[in-house]
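Each chain gets a letter, A, B and so on, in the order the sequences are listed, and its residues count up from 1. Hydrogens, waters and symmetry mates are skipped; everything else that's a heavy atom, side chains included, is used.
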Amino acid sequence: MTTPLPIAAPLDDPLYYLANFRSVLAWILSHHRDLLSRSETDRLQQFDSLPRAAQALLVRLVMRKGTLFRLDKLNYPELGVPLDQALEPLFKAAWLDPQPVLALEDLFRLLTRRELVVVFARRLEQSGLPSSVSKGAMRDALTTQTLPPAPLHSWWPDTSTQLVEVTDTPLFERVRLLFFGNLRQSWSEFVLTELGHQRYEKVEFKRTSRAFQSRAEVDAYLHLQRCREALEQEVSLAEVLAAIPSETAVNPWLESRRGRLLYALGHKAERGGQLDLAIQAYIQSSHSEARVRWLRVLERQGQLTEAVELAERSLASPVPAAQREAIERLLRRVARKLGRSAPVADPRPVIPVMDLGLPPLKDVSVEQAVARYLTEPDTVLFYVENTLINGLFGLLCWSAIYAPLPGAFFHPFHAGPADLYRDDFVTRRQALFDACLAALDRGDYREYIVQTYEQKQGIASPFVHWPSLDRTLLELALQCIPADHLKRMFRRLLEDPGQHRSGLPDLVQFWPEEGRYRLIEVKGPGDRLQDNQRRWFDYCLAQDIPVLLCQVQWMEPE
DNA sequence: TGGGCGCCGG
DNA sequence: TTCACACACTCCC
DNA sequence: GAGTGTGTGTCTCCGGCGCCCACA
Ligand SMILES: [Mn+2]
Ligand SMILES: [Mn+2]
């Protein structure tokens, strides 16, 4: 007996959300059972044996924000039974706590300002605050008094309001993680898909394809997530750092999450002036930018010889271009400070520049202003930034991007493959990408791109931003940009899809009659090329792809 | 009382 | 509740 | 020029509604 892949239930079912939830549970119990503990499996099976209305109510609450709810605010007529009847089995089996203990913070989220004024009437009077006091001011005044957590009627003996707290939040979060492979997506994916607000590519993945291979990986993910939440709060950074695992994660994907977290912590520490703590975090981080930050801290602390030594050691192994350039700049800077001869910077290609004086236009961006200024009867411009080249790439390589590799797709709600930004993303699919790009050599790429454009219209993709890619633009691009130019730009995208997705010029200009085009980056006064924009310029110039930097000055009207 | 914001839900 | 870009500010040559 | 932090638009759908708050 095979469990069907969860798909969005039809909305004419009043308990459609329960149908969705149950299909996920069945999927998890069938395909991820080895990643659940015995007690988790038992608990999920207990859920399955609850009365239907109780299940539905619990799912409603699980889908909502937070874990605490007021019964007097719940309104779910579709349950078909009185609220008390749906609640009773949930209390009995301890899915809901009828007497939750509330911190002051919880109280302020659950009660209205008007109610809080009643609850804290005495304390407000003592503090000399009027009953018209705002919620924020009231909270500030009360937090200084360190009031201990307590059930609602300890705070407010006169109330008839009842609260409940969902008790198994960690279990439901774990289920969501197993299913989606992330905690960014939520149960609402189902209804959004059913409503047609989001459309996803249908990928025929193997049933063995999943995000996690072991329970240890799931635990590691959840632990890092908790550390990240602690980082967002105003918790002591040293405590958060101590909680982050100090050993490198075996799974490269988890290690990259650990590295990014350590980097974020270091950055926060650096901004808060805790430089030693920042360095501790950067040292452990595998994120490439962490090394640059570590070096910058050394430089700021005046530890110049240490910085040089570390910089040179860093450059001895492969470093992404952005970080390599930052380290090289730092080396030149520090060498000057040390009075040593600075290493010579690589010569940069000369960037073609057009200077324009334009009258300032109201409600029109500088990019639009240039586009209008350059428009002539024989030429047309579009403000596309990254969307054109990424879009053409995404359309041509659609079949490679959505190829059902193990671990790339494992539920029906993927905008793109789960491993898109991992190091081996392209190499795992090299033959597939080569096959897609071969259409550029054969010459049938136009038909293929247009066909994909029509067939996949509106389907979410990490490379195709549909609203920016209207048909006229697409056809002009295919008419005016030579295949080998596309191929060169796509090859660069494939070198590092994460880094090279951005930095493309603002405008594209077409001359349809001549079958000619150019890419134009617009810079207003006080703006400069960003590093990733300059690297695209360097590449295009080296590859004979026509690019132009357009520097705008505002002309004061006389 | 009206604007603004966040949450909910199909 | 992100990402990519523009913009504003500081410091130093 | 270089480094850094911040603002802005736009991707996550959009109407209804409760609530907060500033104002009259
Ligand atoms: Mn731009
Ligand atoms: Mn620009």
No-hydrogen, no-angle side-chain donor-acceptor test under 3.5 Å, A/Ser256 and A/Arg260: yes
For a quick check under 3.5 Å, do A/Gln55 and A/Arg22 share a side-chain donor-acceptor pair by atom type? yes
[X] side-chain N/O to [Y] backbone N/O, donor-acceptor pair under 3.5 Å:
| X | Y | value |
| --- | --- | --- |
| A/Asp419 | A/Arg422 | no |
| A/Tyr282 | A/Gly266 | yes |
| A/Arg176 | A/Gln185 | yes |

Nearest-Å distance for atom pair [atom1]/[atom2], residues [X] and [N]:
| X | N | atom1 | atom2 | result |
| --- | --- | --- | --- | --- |
| A/Asn182 | D/dT12 | CG | C1' | 13 Å |
| A/Asp531 | D/dG1 | CG | P | 13 Å |
| A/Ile327 | D/dA2 | CD1 | C1' | 16 Å |
| A/Leu11 | D/dC14 | CG | C1' | 15 Å |
| A/Arg271 | D/dG3 | CZ | P | 17 Å |
| A/Gln323 | D/dG3 | CD | C1' | 15 Å |
| A/Glu299 | D/dG3 | CD | C1' | 10 Å |
| A/Asn390 | C/dC3 | CG | P | 15 Å |

Among A/Phe179, A/Tyr16, A/Trp187, A/Phe190, ring pair (Phe, Tyr, Trp, His ring centres under 6.0 Å) partner for A/Phe21: A/Trp187
Students should find that the nucleotides of DNA chain B closing off the region near chain A, any atom under 4.0 angstrom from a heavy atom, are B/dC7 to B/dG10
Quick one: label [X] by what it contacts on the DNA or RNA (base, sugar-phosphate, nothing), any heavy atom closer than 4.0 Å.
| X | answer |
| --- | --- |
| A/Tyr16 | base |
| A/Arg293 | sugar-phosphate |
| A/Arg300 | nothing |
| A/Phe190 | nothing |

Side chain to side chain donor-acceptor pair (under 3.5 Å) pairs touching residues 386-398 of chain A, sequence neighbours excluded, are A/Glu201-A/Trp398
Is there any side chain to side chain donor-acceptor pair (under 3.5 Å) pair reaching into residues 336-358 of chain A, and which pairs are they, with sequence neighbours excluded? A/Glu299-A/Lys337
Please encode protein proximity along nucleotides 5-13 of chain C as a string of B, S and -, counting only heavy-atom distances under 4.0 Å. SBS------
Considering just the side-chain nitrogens and oxygens of A/Arg333, establish if one lies under 4.0 Å of OP1 or OP2 belonging to D/dG3. yes
Applied to residues 179-199 of chain A, the salt bridge (Lys or Arg N to Asp or Glu O under 4.0 Å) test, sequence neighbours excluded, yields none
Supply the atom-to-atom distance A/Ser285 OG to A/Arg258 CZ, rounded to the nearest 0.5 angstrom. 8.0 Å
Could you measure the distance from the CG atom of A/Leu261 to the CD atom of A/Gln225? Nearest 0.5 Å is fine. 9.5 Å
Lys/Arg N to Asp/Glu carboxylate O, [X] vs [Y], below 4.0 Å:
| X | Y | result |
| --- | --- | --- |
| A/Asp538 | A/Arg535 | no |
| A/Arg296 | A/Glu289 | no |
| A/Glu521 | A/Lys523 | yes |

Pairs under 3.5 angstrom, nitrogen or oxygen only, protein versus nucleotides 20-24 of chain D, please.
from	atom 1	to	atom 2	distance (Å)
D/dC20	OP1	A/Arg113	N	2.6
D/dC20	OP1	A/Lys135	NZ	3.0
D/dC20	OP2	A/Arg113	N	3.4
D/dC21	OP2	A/Lys135	N	2.9

With A/His414 via ring pair (Phe, Tyr, Trp, His ring centres under 6.0 Å) - residues at least two apart: A/Phe409, A/Phe410, A/His411
Taking the [atom1] atom of each, how far is [N] from [M], in whole Å?
| N | M | atom1 | result |
| --- | --- | --- | --- |
| D/dG9 | B/dG4 | P | 16 Å |
| D/dT8 | B/dC5 | P | 13 Å |
| D/dT6 | D/dT10 | P | 23 Å |
| D/dG16 | C/dT1 | P | 28 Å |

Could you list the donor-acceptor pairs under 3.5 angstrom formed by side chains in residues 129-139 of chain A, with sequence neighbours left out?
from	atom 1	to	atom 2	distance (Å)
A/Ser134	OG	A/Ala137	N	3.2
A/Lys135	NZ	A/Phe108	O	2.8
A/Lys135	NZ	A/Leu111	O	3.0
A/Arg139	NH1	A/Glu105	OE2	3.2

Kindly assign one of parallel, tilted or perpendicular to the pair A/Phe490 and A/Phe393, based on the angle between their ring planes and the thresholds 30° and 60°. perpendicular
Give the intermediate values and the outcome of side chain to side chain contact (heavy atoms under 4.5 Å, CB included) for residues A/Leu474 and A/Leu388. CA-CA 8 Å; A/Leu474 183 75; A/Leu388 176 61; 5.8 Å; no
Please tabulate, for side-chain N and O atoms in residues 58-66 of chain A, each donor-acceptor pair with protein atoms closer than 3.5 Å (sequence neighbours left out).
from	atom 1	to	atom 2	distance (Å)
A/Arg60	NE	A/Glu78	OE2	3.1
A/Arg60	NH2	A/Glu78	OE2	3.1
A/Arg64	NH1	A/Tyr76	OH	3.0

Taking both distances under 3.5 Å as the test for a Watson-Crick or G-U pair, what stems of at least three pairs does DNA chain D have? B:1-10 with D:13-22, C:3-11 with D:1-9
Less than 4.5 Å apart, side chain to side chain, heavy atoms only: is that true for A/Val119 and A/Thr159? no
Return the residues of residues 64-74 of chain A meeting this criterion: a heavy atom under 4.0 Å from some atom of DNA chain B. Order them by number, or give none. A/Arg64, A/Lys65
Listed pairs, N/O of protein and of nucleotides 7-9 of chain D, under 3.5 Å:
none

